[in-house]
Amino acid sequence: MKTLRRNIPVAEPDLDSREREKVLDCVESGWISSIGTYVTQFEESFSHFCGAQYGIACSNGTVALHLALLSLKVGPGDEVICPTLSFVATANAIRHTGATPVFVDSEAFTWNMDPEKMAAKISSKTKAIVVVHLYGHSADLNPILELAQKKGLPLIEDAAEAHGALYRGKKVGGIGTLGCFSFYGNKVITTGEGGMVVTQDSHLAERMRLLRDHAMDSKRRYWHTEIGYNYRLTNLQAAVGVAQMEKIEKFLQIRRENAKIYKLLLREVSGLTLFPEATWATPVYWMVSVLVEEAFGISRDSLMEKLKEKGIDTRPFFIPTHMLPSHREEGPYPVSESLSKKGMNLPSSTRLTQEDIEYVVQTIQEIREG
Ligand SMILES: Cc1ncc(COP(=O)(O)O)c(C=O)c1O
């Protein structure tokens with residue numbers, strides 16, 4: 001067994017001299033708040049990367065979702081469909097508008113919202129659908145889009161975990177009415193904290209720009225006809241984003257290569273179900289995920305604990321939102337609940353070496369063998 005060289009984090013930002021140069025440029029020029037050329041550059045490069053015409057940068061992925069929902073006039077009395085198996089931000093953003101999240105169970109293969117179960121949740125109060133591309137693998141969008149179109153409902157893609165992932169050859173986030181991204185420090189690209197909504201719809205884009213900036217009239221300074229928000233991204237953060245965009249293709253390539261190595265090695269470990277790869281999807285492996293099945297011999301939680309002792313950081317799957325005190329609802333949502341109990345994310349950053357991955361898998365194998 002190899003000796004431990006370092007603690008292996010589950011995720012870490014990949015920054016270098018390019019980010020340093022651009023941040024320094026902001027410091028030296030004094031353009032550190034939300035006015036500045038990097039914000040526009042970042043909006044343009046990221047929205048074009050997604051195949052969308054407009055990008056509205058904002059403070060984080062949660063407010064990206066909030067802005068998206070507000071632009072669609074979602075509010076009190078409305079219902080919004082979303083998967084229960086997601087980070088809590090998805091449902092929180094819906095609640096922030098005054099609307100009610102209506103949860104849908106996952107389907108067992110991709111772990112994303114089950115389109116068949118979704119159909120039964122649509123009511124006369126449904127105002128929008130939010131689909132999540134969990135852990136970097138796209139949801140099966142066609143049946144969801146078909147249903148959305150049939151019912152005349154807009155589709156928001158919560159692509160916070162899936163920058164660059166493809167669904168049938170198209171970039172996620174650019175497929176639905178609106179696509180929302182997070183640039184938190186553990187994401188595929190980061191700005192520290194940050195978010196963006198992308199869209200092809202100029203009216204929605206304009207609406208979100210207004211709401212992002214206190215709803216101040218663009219022609220009359222300090223004139224506000226409604227209550228807006230300060231959801232702006234800073235030029236400093238956008239500078240980091242612009243530098244990250246120069247490297248996004250390289251990051252995605254590294255993630256694909258790392259996933260390939262993991263897959264090859266993890267196949268030899270019995271009792272684990274590996275991350276999904278649907279024929280119609282090109283995942284970005286934001287997280288390298290596995291399900292710890294009963295056949296593995298020890299529980300997911302003990303495996304995580306033992307890995308921690310060996311310097312390997314992991315994360316459990318999200319707890320389905322309907323099980324949280326903040327959003328409690330009976331359910332049951334059996335597929336999401338079972339995935340949540342068994343699922344864990346292994347170290348997944350672009351900075352992993354082949355040796356790190358070998359060490360992780362070898363340690364898992366040794367723990368299994370006791
Ligand atoms: C699926 C999903 N949606 C939304 C968010 C919210 O993004 P942020 O943390 O930037 O607010 C996250 C976050 O990390 C996420 O995983």
Side-chain angles (χ1 to χ4, degrees), residues 9-13 42 46 50 55-70 80-97 101 103-104 106 110-113 128-139 141 144 155-165 167 172-173 176 178-198 208 212 229-234 237-238 240-241 244 275 283-289 315-322 324 326-327 336 339-340 343-345 348-349:
V10 77
E12 62 187 318
F42 184 45
F46 190 74
C50 296
I56 295 85
C58 53
S59 323
N60 55 62
T62 311
V63 307
L65 286 164
H66 192 203
L67 281 176
L69 290 158
L70 289 170
V80 178
I81 305 275
C82 68
T84 185
L85 189 61
S86 179
F87 182 53
V88 70
T90 312
N92 280 356
I94 296 168
R95 282 280 179 207
H96 293 328
T97 67
F103 298 122
V104 178
S106 310
T110 71
W111 311 337
N112 282 309
M113 186 160 75
I129 299 168
V130 181
V131 65
V132 178
H133 304 297
L134 199 68
Y135 302 134
H137 187 293
S138 88
L141 287 178
I144 296 173
L155 179 69
I156 297 176
E157 292 177 75
D158 181 345
E161 307 178 356
H163 318 59
Y167 175 69
V172 303
L178 297 148
C180 299
F181 290 87
S182 163
F183 305 114
Y184 182 67
N186 65 3
K187 295 299 189 291
V188 171
I189 61 163
T190 184
T191 58
E193 293 277 359
M196 200 180 298
V197 189
V198 301
M208 290 185 284
R212 174 182 70 173
Y229 304 83
N230 178 355
Y231 279 174
R232 300 179 301 245
L233 186 78
T234 68
Q237 292 167 311
V240 176
Q244 291 270 289
F275 46 85
V284 289
Y285 311 98
W286 172 57
M287 286 290 151
V288 172
S289 314
R315 289 286 180 280
F317 270 21
F318 298 126
I319 297 166
T321 317
H322 73 277
L324 302 174
S326 52
H327 291 271
S336 301
L339 290 169
S340 170
M344 63 184 273
N345 292 318
S348 306
S349 90

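Counting convention: from 1, in listed order, for ligands and their atoms alike. Since we're looking at a predicted model, the values are computed, not measured. Hydrogens, waters and symmetry mates are skipped; everything else that's a heavy atom, side chains included, is used. Residue numbers run from 1 in the order of the sequence given.
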Among all protein heavy atoms, pick out the one at the shortest distance from [atom]; state its residue, atom name and that distance to 0.1 Å.
atom                    : result
atom 8 (P) of ligand 1  : Gly61 N, 3.4 Å
atom 16 (O) of ligand 1 : Glu161 OE2, 2.5 Å
atom 3 (N) of ligand 1  : Asp158 OD2, 2.7 Å
atom 12 (C) of ligand 1 : Phe87 CD2, 3.5 Å
atom 11 (O) of ligand 1 : Thr62 OG1, 2.5 Å

Worksheet item: Do any heavy atoms of Ser86 fall under 4.0 Å from ligand 1?
Response: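 Ser86: in contact with ligand 1 (<4.0 Å).
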Quick check: [X] and ligand 1, any N/O pair under 3.5 Å apart?
X      : result
Tyr184 : no
Phe183 : no
Glu193 : no

Fill in: Under 3.5 Å side-chain donor-acceptor pair for His322 and Thr84
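Indeed, the side chains of His322 and Thr84 share at least one donor-acceptor pair under 3.5 Å.
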Worksheet item: Between His327 and Asn92, do the side chains contain an N or O donor and an N or O acceptor separated by less than 3.5 Å?
Response: yes
Worksheet item: Would the His137 and Phe275 ring centres measure less than 6.0 Å apart?
Response: no
Worksheet item: Is the centre of the Tyr167 ring less than 6.0 Å from the centre of the His133 ring?
Response: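 Centroid separation for Tyr167 and His133: 6.0 Å or greater.
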Need the ligand 1 atom indices (1-based, order shown) with element for anything under 4.0 Å from a heavy-atom of [X].
X      : answer
Ala89  : 4 (C), 5 (C), 6 (C)
Ala160 : 2 (C), 3 (N), 4 (C), 5 (C), 12 (C), 15 (C)
Lys187 : 13 (C), 14 (O)

Worksheet item: Parallel, tilted or perpendicular: which describes the rings of Phe46 and Phe42, with under 30° parallel and over 60° perpendicular?
Response: tilted
Worksheet item: For the residue pair Trp286 and Tyr135, does the interplanar ring angle fall in the parallel (under 30°), tilted (30 to 60°) or perpendicular (over 60°) class?
Response: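 Rings of Trp286 and Tyr135: parallel, under 30°.
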Worksheet item: Hey, which of Leu134, Leu85, Ile81, Val130 is the one that makes side-chain contact (heavy atoms from CB on, under 4.5 Å) with Met113?
Response: Ile81
Worksheet item: Distance from Ile156 atom CD1 to Ile94 atom CD1, nearest 0.5 Å?
Response: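 One gets 7.5 Å once the value is rounded to the nearest 0.5 Å.
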Worksheet item: Looking only at heavy atoms, is any part of Asn60 under 4.0 Å from ligand 1, and if so is it the side chain, the backbone, or both, or is it neither?
Response: both
